[in-house]
Asker: 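Below is a structure I'd like to ask you about.
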Amino acid sequence: MMKRLMISLFALSLMSGCGQGGNGEQSAASTNPQAQAGNASGNTEQGAQADAASDTNAASAVMAPDPDAILRTSMQARNGVGLDRLDQDSLQIACSNAEDRAGDQAGKLREAAMAAIEFPEDGNYLGDWKKGEAIAQNGRGMQYSDDPDDPNGGNCYACHELAAGEVAYGTMGPSLRNYGQRGQSEAMLKYTWGKIWNPHAYMVCSHMPRFGEAGILTPDQIRHVMALLLDPASPVNKAE
Amino acid sequence: MAGRMRMRARMSGDVAEVKVLMQHPMETGQRKDSEGKPIPAHYIKEVMATLGDRTVMAAQWGAAISQNPYLSFRIKDAKKGDTVKVSWTDNKGETASTEAKIG
Amino acid sequence: MAMSGRMMGGLLGGALLAVGLAQAQDDTFDEYRSMFGDDNPAIFIVDEGSELWTQARGPENVSLEQCDLGQGPGVVENVYGQLPRYFEDTDSVMDLEGRLIHCMVELQGFKREEIIEGIYSGAGDNGTEMEALVAYVADASQGSKVAVPQSHPEEKAAYKAGEALFYHRAGPYDFSCATCHRQSDKRIRLQSLPNLTEAEGARATYTTWPAYRISQGVVRTMGWRMRNCARQQRLPELQPGSEAVVDLLMYMGVNAEGGSMDAPGLKR
Amino acid sequence: MDAYRRSLLKAVGAATALAAAGMVPLRALAAMSRPEKAFEATDPQGAMTALGDSAAESDQIELETPDIAENGAVVPISVTSKLPKTTRISVLVEKNPNPMSAMFMIPEGTEPFIQTRVKVAETGNIYALVEADGKLYKASSQTKVTLGGCGG
C-alpha cells in the first residue's frame with residue numbers, strides 16, 4: 001500500500017512563516033484607501049518582533065510532512081483539471097501555514113502583487129451592475145465539474161453580504177452593503193479594482209481569491225462587479 | 001429504490017402516535033440522472049393505514065411528497081399491543097406494506 | 001475609523017488576535033433541522049449495508065465477514081470512531097473506506113479500479129454499495145466514543161501530515177481547508193462551517209458523517225465529502241482511501257477525541 | 001459496479017413488495033376517490049376550486065412550516081385542525097408546478113393531525129385546506145427556500 005511519503009529535512013524557513021499579519025479590514029463603509037495602506041505598513045514592525053519569538057529551531061524538526069507530494073499521489077486529473085493545479089507559486093508557499101503570515105517575504109510579496117495589478121487601460125472601471133450581480137451569484141468556474149466554455153463566476157455571495165434582500169450571503173468577508181457610499185474617486189476606483197484583482201496587494205495571505213491575477217474573472221467581468229459595488233443604482237447601495 | 005418501510009407506533013397519553021418512513025424515490029418525472037437521462041415519474045399515489053380492521057387513515061399523494069416519504073398520524077381509542085398496518089401503492093402499481101404493534 | 005484594529009479582515013486573514021464581530025448567531029437552519037426529529041431515511045441504507053456485509057459476492061464469492069476494520073476480523077461494532085489507524089497487514093494507516101476497498105479486493109477479488117469507478121452515486125442515481133457499507137458500519141458505532149489512535153509512529157506522522165495538508169494552499173483560488181474550516185461561527189452563503197482545528201467543531205463533524213443528504217436522498221461518506229471540497233478548491237479529483245484523505249481524517253479524528261458517534265447524520 | 005448495484009437492490013425491493021400481496025385492496029374503499037383535477041391543476045386557485053367551493057380563512061388550523069428551508073427538496077410540515085368534525089386535510093404548495101401535494105382522509109377516531117415532508121420549488125406559501133362538517137377552510141404559511149451549500 002502507500003508507504004508514508006516523507007522527506008528527511010524540510011527547509012523550515014517556510015514552516016515558521018510569521019510576520020506581517022492580516023491587517024484589520026475596517027468596516028467597508030467608512031475607510032479611505034490611504035488610511036488602509038498606511039495601516040498595512042505600520043503592521044510590519046509588529047510582525048517582525050513576532051517572527052523572532054516563533055522561529056522553531058531547525059535541528060529539532062526531524063521528519064516534516066510534504067503535503068504537495070502527498071496530494072500528488074492522492075489525486076487524479078479529471079476533465080482537464082490536472083496535477084499542474086497543485087503547482088504552488090511563492091505566495092501560496094509563503095502563506096501555507098497556521099498563522100496566515102508570510103514572514104520575512106511579506107513585504108516583497110505585497111509589492112509584487114501591487115505592481116502586477118493590470119488597471120483598465122481606457123480608465124473605464126465601471127460596467128453593468130446587473131451583470132455584476134449575476135457574477136456574484138455564480139459559484140461555478142474552473143472546477144472539473146464545470147463546462148470549461150462557460151464563463152467563471154465570482155461567487156462573491158459565498159463570503160460577502162451585498163445586495164439588500166439577498167438572504168443567502170456568507171460571513172467570511174466583511175459586509176459590502178452600501179459600498180457605493182465610498183464614492184468614485186480615482187483612489188477608490190483603484191483600491192477596489194486592485195483589491196479584486198489581487199487582494200494580497202493590500203493584505204498578504206488574504207483568503208480572498210486573486211480574481212484578476214489568477215485569471216478567474218476577465219477585466220470586463222471585474223468592471224461589472226465594480227458597478228455592483230459602486231453604482232448608486234445597484235441594489236448593494238439601496239436600502240431595500 | 002423502493003420497498004423497505006419502517007414504522008414506530010407508541011402510546012402517548014391516550015393516543016397512539018404512528019411514525020412511518022417509506023423507501024421510495026418519489027420521482028416527479030422532471031429530473032435527470034448523472035448521465036443526463038430523464039428519470040420517469042415514479043411516486044406513491046395512495047397510502048392506507050388500518051388498526052385491526054378499522055381504517056384509521058387514507059391518503060392520496062402527488063409527486064411533491066419528498067423522496068423516502070415520512071408520515072405521522074395519531075389514532076384515538078387504541079391500546080398497547082394493537083396492530084397498526086400501513087401500505088402504499090405507486091403509479092407503477094407496485095405496493096409495499098408494514099405492520100407494527102403499538103408499544 | 002468606525003472600527004479600529006483587526007476587524008473582519010483580520011478574521012479573514014486569520015491573524016491570531018481576531019477581535020472582530022464574531023457574531024455567534026445561531027444557525028439559520030436550527031428550526032428547520034429540528035423538525036426532522038430522528039426519523040432519518042438513512043436507516044434503509046443501513047439495512048442495505050448490513051445485507052451487503054453478509055452476502056457472498058465478487059469473483060471469490062465470499063462475504064465481508066472476515067474483513068478486519070481494526071477491532072478484529074468481522075467486528076463491526078464501535079470501529080468507526082477508532083479510524084483511521086495503522087494496519088499491520090498493509091503496513092500503512094488506513095481509513096474506513098480504504099479498508100473496505102482493501103477487503104473487497106483481497107477477500108472478494110473485486111478489481112480496485114472497478115470499485116473506485118462507481119464508488120459514489122451521482123446526482124439522481126441510487127445509492128452505491130460503498131455508501132451502504134459505510135452507513136452500516138457507522139450505524140454500528142452509534143454512541144461509541146471517538147478515540148482515533150496516536151500510538152504507532154505512522155499514526156503520529158499521519159496527524160502531522162494531516163495538519164500540514166489542512167493549511168496547504170494551492171489551486172487557482174489559493175484555498176486551503178483552513179480557508180473555510182479554521183474559524184468558528186462563520187458560513188459560506190447560509191452553510192455554517194465547523195471549525196475543525198478545535199474539539200467542538202471537529203466532534204460535531206466527525207461524529208455525524210456519513211450522513212443522509214436530504215437533497216439527494218443518499219448517504220454521503222466522508223470520502224465523498226472531502227472529494228467534493230477538493231473539487232471546489234479547483235483541485236484534481238481526490239481518490240477514496242488515498243493518503244491525503246487518510247491524513248486529513250486523522251487530523252480531524254484526533255481533534256474530535258471524546259465526541260460520541262451519532263452517524264449516519266441528517267444533512268442538507 | 002453501479003448497474004450491478006441497481007439490479008441487486010431492485011431484487012431486494014421487489015421481494016419486499018411481493019410479500020405485501022395480502023394487504024387490504026385499496027380500490028375497494030369508496031371514500032378514497034382521488035381528486036384528479038386538483039392534482040392536475042397548475043395554480044393554487046385552480047387546485048382549491050377543484051377541491052370544493054371557496055375556502056374561508058381559519059385560525060383554527062395550526063400549520064407549522066419552517067420559516068427558512070435549507071433545501072426545497074424536503075420541507076417538514078405539520079397540520080393540526082381544531083375545527084370540529086374535520087374529515088379531510090389537504091396540503092398545497094403555491095409555487096410548485098402542481099400545487100396540490102397531498103390529501104389525507106381523517107376517519108372518525110383519528111386525530112385531525114398530519115405530519116409529512118413536501119417538496120417546495122421556490123420561496124412562497126404553503127396552504128393547508130381542511131374540510132370540516134362539509135365546509136372548506138384554509139390557512140397559509142410562508143417558507144423561504146434557499147440554495148444551500150457553497151454555490152459550487
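To find a chain, count down the sequence lines: A is the first, B the second, and so on, and within it residues start at 1. Keep in mind the model is a prediction, meaning the values are calculated, not measured.
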Asker: According to the side-chain hydrogen bond (donor to acceptor under 3.5 Å, both in side chains) rule, which pairs have a member within residues 76-85 of chain A, sequence neighbours left out?
Answerer: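 Residue pairs passing side-chain hydrogen bond (donor to acceptor under 3.5 Å, both in side chains), neighbours aside: A:Arg78-C:Glu237.
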
Asker: What distance separates A:Arg72 CZ from C:Glu243 CD, expressed to the nearest 0.5 Å?
Answerer: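 CD of C:Glu243 is found 14.0 Å from CZ of A:Arg72.
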
Asker: Would you say that A:Met172 contacts C:Arg187 through its side chain, given a criterion of any heavy-atom pair below 4.5 Å between the two side chains?
Answerer: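 No. Closest side-chain heavy atoms not under 4.5 Å.
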
Asker: Between A:Tyr157 and C:Arg189, is any pair of side-chain heavy atoms under 4.5 Å apart?
Answerer: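 Sidechains of C:Arg189 and A:Tyr157: in contact.
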
Asker: Which heavy atom of C:Arg169 sits nearest a heavy atom of A:Cys205, and at what distance?
Answerer: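 Reported closest heavy-atom pair: NH1-O, 3.2 Å.
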
Asker: Checking side chain to side chain donor-acceptor pair (under 3.5 Å) for the pair A:Gln143/C:Arg231: CA distance, chi angles, key distance, verdict?
Answerer: CA-CA 6 Å; A:Gln143 298 169 120; C:Arg231 176 179 62 81; 3.3 Å; yes

Asker: If you look at every heavy atom in A:Val167 and C:Leu190, which pair is closest and at what distance?
Answerer: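 Closest approach of A:Val167 to C:Leu190, heavy atoms only: O-CD2, 3.7 Å.
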
Asker: Where is the tightest heavy-atom contact between C:Ala161 and A:Ile70, given as atom of each residue plus distance?
Answerer: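 Heavy atoms only, the tightest pair is CB-CD1, 3.8 Å.
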
Asker: Residues in side chain to side chain donor-acceptor pair (under 3.5 Å) with C:Arg225, at least two apart?
Answerer: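 Residues passing side chain to side chain donor-acceptor pair (under 3.5 Å) with C:Arg225: none at all.
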
Asker: Looking at side-chain heavy atoms only, is the closest gap between C:Gln239 and A:Thr73 below 4.5 Å?
Answerer: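 A side-chain contact under 4.5 Å is absent here.
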
Asker: Would you give the length of the straight line joining atom CD1 of C:Ile188 to atom OG1 of A:Thr171, rounded to the nearest 0.5 angstrom?
Answerer: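 Between C:Ile188 CD1 and A:Thr171 OG1, I get 8.5 Å after rounding to 0.5 Å.
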
Asker: More than 12 foreign heavy atoms under 6.0 Å from CD of C:Glu200: is that the case here?
Answerer: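 At most 12 heavy atoms, drawn from other residues, nucleotides or ligands, come within 6.0 Å of this atom.
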
Asker: Heavy-atom pairs under 4.5 Å with chain C: which of A:Gly80, A:Gly215, A:Gly141, A:Ala77 has the most?
Answerer: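 Top count of heavy-atom pairs under 4.5 Å with chain C: A:Gly141.
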
Asker: Nearest 0.5 Å, what's the OG1-CG distance between C:Thr179 and A:Asp100?
Answerer: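 Answer for the OG1-CG pair, C:Thr179 versus A:Asp100, is 7.5 Å.
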
Asker: Please round to the nearest 0.5 Å and tell me the distance separating atom OH of A:Tyr144 and atom CD of C:Gln232.
Answerer: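 It is 9.5 Å, given to the nearest 0.5 Å.
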
Asker: Top residue by heavy-atom pair count (under 4.5 Å) with chain C, among A:Glu166, A:Met142, A:Glu213?
Answerer: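 So the answer, after comparing A:Glu166, A:Met142, A:Glu213, is A:Met142.
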
Asker: Could you have a look at C:Lys160, C:Glu163, C:Gln191, C:His168 and say which one has the most heavy-atom pairs with chain A under 4.5 angstrom?
Answerer: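 The candidate making the most pairs under 4.5 Å is C:His168.
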
Asker: Do A:Val81 and C:Leu235 have side chains that approach each other closer than 4.5 Å (heavy atoms only, starting at C-beta)?
Answerer: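 A side-chain contact under 4.5 Å is absent here.
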
Asker: On a heavy-atom basis, which atom in A:Leu71 and which in C:Ala244 lie closest, and how many Å separate them?
Answerer: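 The answer is CD2-CB, 3.9 Å.
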
Asker: Compare every heavy atom of C:Tyr173 with every heavy atom of A:Gly153, then report the nearest pair and how far apart it is.
Answerer: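 Minimum heavy-atom contact is O-OH, 4.1 Å.
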
Asker: Using a 4.5 Å cut-off on heavy atoms from C-beta on, say whether the side chain of C:Lys186 contacts that of A:Cys159.
Answerer: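 In short, these two side chains do not touch, never coming nearer than 4.5 Å.
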
Asker: First locate atom OG of C:Ser176, then atom NE2 of A:His207, and finally report the distance between them rounded to the nearest 0.5 Å.
Answerer: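 Between C:Ser176 OG and A:His207 NE2, I get 5.0 Å after rounding to 0.5 Å.
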
Asker: Given side chains that start at C-beta, do those of C:Phe175 and A:Pro209 come closer than 4.5 Å, heavy atoms only?
Answerer: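 SC-SC contact between C:Phe175 and A:Pro209 confirmed.
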
Asker: Checking side chain to side chain contact (heavy atoms under 4.5 Å, CB included) for the pair A:Cys95/C:Asp174: CA distance, chi angles, key distance, verdict?
Answerer: CA-CA 9 Å; A:Cys95 293; C:Asp174 309 321; over 6 Å; no

Asker: If you round to the nearest 0.5 Å, how far is CG of C:Leu165 from OG of A:Ser96?
Answerer: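 Reported value, rounded in 0.5 Å steps: 10.5 Å.
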
Asker: Do you know which two heavy atoms are closest between A:Ile216 and C:Pro172, and how far apart they sit?
Answerer: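 Closest approach of A:Ile216 to C:Pro172, heavy atoms only: CD1-O, 3.7 Å.
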
